[in-house]
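For reference, the structure discussed in these notes is given below.
Chain naming here is simple, since letters A, B, ... match the order of the sequence lines and numbering starts at 1 in each.
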Amino acid sequence: MSDFLLEIRSEEIPARMQAGARTELEKLFRREMDAAGVAVGELTIWSTPRRLALIARDLPEATEAVSEEAKGPPVGAPDQAVDGFCRKLGVERGDLEVRDIKGRETYFAVKNVPGRAMTGLLAEAIPAIIRDFSWPKSMRWGEASISTESLKWVRPLSGIVALLGDTIVECEVHGVTSGAVTLGHRFHHSGDITIGGADDYAVKLRAGHVIVDHEERAAMIRTGAAKAASDAGLTLVEDEGLVIENAGLTEWPVPLLGRFEDDYLDVPPEVIQLTARVNQKYFVCEDGQGKLANAFICNSNIDPVDPAVVVDGNRKVLAARLSDARFFWELDRKTSLSDHAKKLERITFHEKLGTVADKVERVAKLAEWLATEGIVPECDPALARQAAELCKADLVTEMVGEFPELQGLMGGYYARAEGLPDAVADAIRDHYKPVGQGDDVPTAPVTVAVSLADKLDNLFSFFKIDLLPTGSKDPFALRRAGLSYLRLSQENQLELLLSSAARAWGDAFEGSLGLRVADFLFDRLGVQLKDEGVRHDLIQASRAWVAGSDTDGRLDRVEARARALADFLRGDDGTNLLSGYKRAANILKKEDWSAEPEHTGDEDPMENVDDPEMREVYAQLSYTREAAEKALIDALDEAEPQAAAAITGEDFAAAMAALSSLRGPIDAFFEEVTVNDENPSKRSARLALLARFRAAVHNVADFSRIEG
Amino acid sequence: MERKPQSSFQDMILALHDFWSAQGCLILQPYDMRMGAGTFHTATTLRALGPEPWNAAFVQPCRRPTDGRYGENPNRLQHYYQYQVILKPSPSDIQELYLKSLGVIGIDPLKHDIRFVEDDWESPTLGAWGLGWEVWCDGMEVTQFTYFQQMGGFDCKPVAGELTYGLERLAMYIQGVDSVYDLDFNGRGVSYGEVFLENEKQMSKWNFEVAETGALFDLFAKAEAECQNAIANDVPIAAYEQAVEASHVFNLLQARGVISVQERASYMGRVRDLARGSCEKYAEVMAPQWQAKYPEWSL
């Protein structure tokens, strides 16, 4: 048993690609070993900006010899068949054996695959791994790139260390020959480092100023940055993304704290943090009061002769960036948001949908309507309109031009700076929310109205011009808008009819747009609820009931119904009722009961059985009900109004409970009553009763959509 | 005479010339046209095409009309210098060569934190893209380092390595000054400001306020027509010059604020068509020569 070490060196690998590269390396190594029948135990994978490393413990010295036999065509079979068999197995025709199988002479291929030395196997595996390695972006380089067939790698490949035990696994890829020699830190170590094997690899690199374990570098940055902050009497603003990124940019991370001029703290803290993080990959710190401090922490890749020199260089760069930011902050505030908003007339939102100013007016109209109608409760319509009119104004400010991620936030700051009401400033700031799964959902009324109106406008607008998401493509982020819409309405328990919203928005087609958007949102709801374990068919069952009725687009009801249905079907009452329903539905289908009754002049007296006052009369007119029929009728008489009342009150659990009272009677009915009676009037009365049962169930949810 | 790259802007340039000359580069002169970046020099764009080795270094003045600040911003200029090195095919020790070049202008990598940070380059105008890094020195971007993968819509065969040093910011860093105008130009007390401040003031004013836009629109149209004329007559280098001209005139029109957001995309598309068309014609015209020398090679 020997340990195997593989190091693939290259010019600096982008930090963001290193995690994926580690996964890819493990996957490809396992693939190669699986193909050779080698069991792979523990694997260690490391990365730095300049190398990927893999250590596989306890690989065998050789694979076991295997004898493979394969039965081929019978002797006398067409040449093509025999040749094909030989090709498939990689044997010569002359090497085939002939055996007697049940009296037929049959060809056999016997391949004795001898055990292979691990070194030889790895020597083939390494080039295969490198050739097949998938990077998000890869490139050609050097002399070999005169052909486009040359190797592609993330950046030029510069070296390979491959050692099984202490033996070099010899191979060559794209002119790079494997060996035992690697390089240390780019600046802290000159000359070669000769590796003895898997065990001294990390140790020797450490001596060469390289921490090869990415986790260890991340930990050094995490604790080093926290310490640098606390040494300065401050608290680090933690940022795990920055930790990982800096670990991917360094082989020898040295966190260093610097200060910038106090004056810059006039600029909103988010701007400072973003500038530091995005442009410079620096951490920021807070003081004892939780306020942003005038400090940054950069991560040097060297242990500098004089840290102050490195810190001062970084300070200057940050100062230049903060100076730009402050310039924007001051310049933007010289113009009111409403004047900024006028410039939106010059920006095209979409060629078929007019300018951003046009969009803003649509959003304002809708936000005002949501407030006026009380759909968003306790919302001042005037404030909703004002906030909506200004919500996109920051898009034309210098600051958002520089940092698009600050859209909304800057508008909020500028609104407050010019003395607009807090509700308006908050709505401008938060109207893009919720953005992702974990993002907070707004609850302040004005914010909810503007945010909802913004999402609805996106949905209505792009649906109107038929630019819908397809497959993996969703260029206008409509799926996200849909999900945000759902979360906003769920969190705030909003009751909104999409068809009336579409009319208020300006849909001339009497709500058909609302229905299409509702359809789309049902799908989104399905995706959302599926994650919570509510099956898609249950949503369909709850949705089908709603479609076409005047409550179309009330997604909140569909959701509540689907949840109640899911709960109901988890119990025995639910599953039994479902099987009773399926049986009834099958019989009705078989008898084609749903077909229009024929008008023979001799109509079935039960036709109008839905009129409660007439039921008894008709019942007496026809025949004497059997006990189980009577019991089902009684149960329906009781359950129907209960369920109806529960649904009116939007208490879907109670509606389900009402249905569950039908379980016993329907089971008994099937047990004791013959539907297909010889007497046509009995038969049709019983079918009508089943239809009534089915209708009662449908009034709660469309059970025909439920699978299983 | 001994060079003092750490205290003289011109000595820094000369030190880079000495260094890259010693590496076998042709030391070329700036292209005699107004252009937005060193990459536009034909020694970069057109020479990145084709199979022949090509190693060159040169300073290219860059014009970015919209970056003008009337000489009032210490970091922003409408006219500045790039130092450009193009090495085709990219040598295997290109990073080491680059780091050595930093050494000759006085940047010690044990005193300063030098980093290669992912930064891919794409120029839709030139139909070009490449992968590489921005090189950081203590957090400041001092060089753009790119392996060209495509130019003019063609695969680069072989790939060229391009280094673009921002000379003013490098010099500011090395000389330790906070304003570009305070740079020592010659190591004998003549400042960058003495050479260029008045230029920045007047040119900013002209770019933003004075340039006659009717004439500029006219120039654009004429350059466009002439580019097409040159392409039609198989003189792609002349066509390419007209594309560069159109590109700069477009930048001036932008600075004058007379191109609306909607029109902007259309103008950019026109410039792109000219640049690509020139590159394509260049490749087409040159292909027979290239193939005569490199029979295995194809476009």
Can you tell me which of [options] forms the most heavy-atom pairs within a distance under 4.5 Å of chain B?
options: Gln280(A), Met17(A), Lys281(A), Arg315(A); answer: Gln280(A)
options: His188(A), Arg16(A), Arg186(A), Lys316(A); answer: Arg186(A)
options: Ile302(A), Val305(A), Val317(A); answer: Ile302(A)

Let me check something: any side-chain donor-acceptor pairs from residues 292-299 of chain B under 3.5 Å, sequence neighbours excluded? List them with distances.
residue, atom, partner, partner atom, Å
Lys293(B), NZ, Glu52(B), OE2, 2.6
Trp297(B), NE1, Lys157(B), O, 2.9

>> Counting neighbours of CD on Glu143(A) that are heavy atoms of other residues, nucleotides or ligands and sit closer than 6.0 Å, is the number greater than 12?
In response: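 At most 12 heavy atoms, drawn from other residues, nucleotides or ligands, come within 6.0 Å of this atom.
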Which atoms of [X] are under 4.5 Å from chain B, going by heavy atoms: the side chain, the backbone, both sets, or neither?
X: Asp324(A); value: side chain
X: Lys137(A); value: both
X: Phe327(A); value: neither
X: Val254(A); value: neither
X: Ser138(A); value: backbone

So what's closer than 4.5 Å to chain A heavy atoms on [X]: side chain, backbone, both or neither?
X: Arg76(B); answer: side chain
X: Pro109(B); answer: both
X: Phe148(B); answer: neither

[X] [atom1] to [Y] [atom2] distance, which is reported to the nearest 0.5 Å:
X: Cys156(B); Y: Arg140(A); atom1: SG; atom2: CZ; answer: 7.0 Å
X: Leu99(B); Y: Phe187(A); atom1: CG; atom2: CZ; answer: 4.5 Å
X: Gln149(B); Y: Met139(A); atom1: CD; atom2: CE; answer: 5.0 Å
X: Ser145(A); Y: Asp155(B); atom1: OG; atom2: CG; answer: 10.0 Å
X: Leu256(A); Y: Asp138(B); atom1: CG; atom2: CG; answer: 9.5 Å
X: Arg155(A); Y: Trp133(B); atom1: CZ; atom2: CH2; answer: 6.0 Å

>> Minimum heavy-atom separation for Pro304(A) and Lys111(B), please, with both atom names.
In response: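 In terms of heavy atoms, the two residues are closest at CB-O, 4.4 Å.
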> Which atom pair, heavy atoms only, marks the closest approach of Ser90(B) to Gly142(A)?
Replying inline: OG-N, 2.9 Å
> When only pairs under 4.5 Å are counted, which of Ile114(B), Asn75(B), Asp108(B) shares the most heavy-atom pairs with chain A?
Replying inline: Ile114(B)
> Hey, does Arg115(B) have a side-chain heavy atom less than 4.5 Å from the side chain of Glu12(A)?
Replying inline: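 SC-SC contact between Glu12(A) and Arg115(B) ruled out.
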> So do the side chains of Ser92(B) and Trp141(A) get within less than 4.5 Å of each other, counting heavy atoms only?
Replying inline: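 No, their side chains stay 4.5 Å or more apart.
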>> Using the rule given for side chain to side chain contact (heavy atoms under 4.5 Å, CB included), can you reason through Val310(A) versus His112(B), listing the C-alpha separation, both sets of side-chain angles and the distance that settles it, and then say yes or no?
In response: CA-CA 6 Å; Val310(A) 172; His112(B) 297 284; 5.5 Å; no
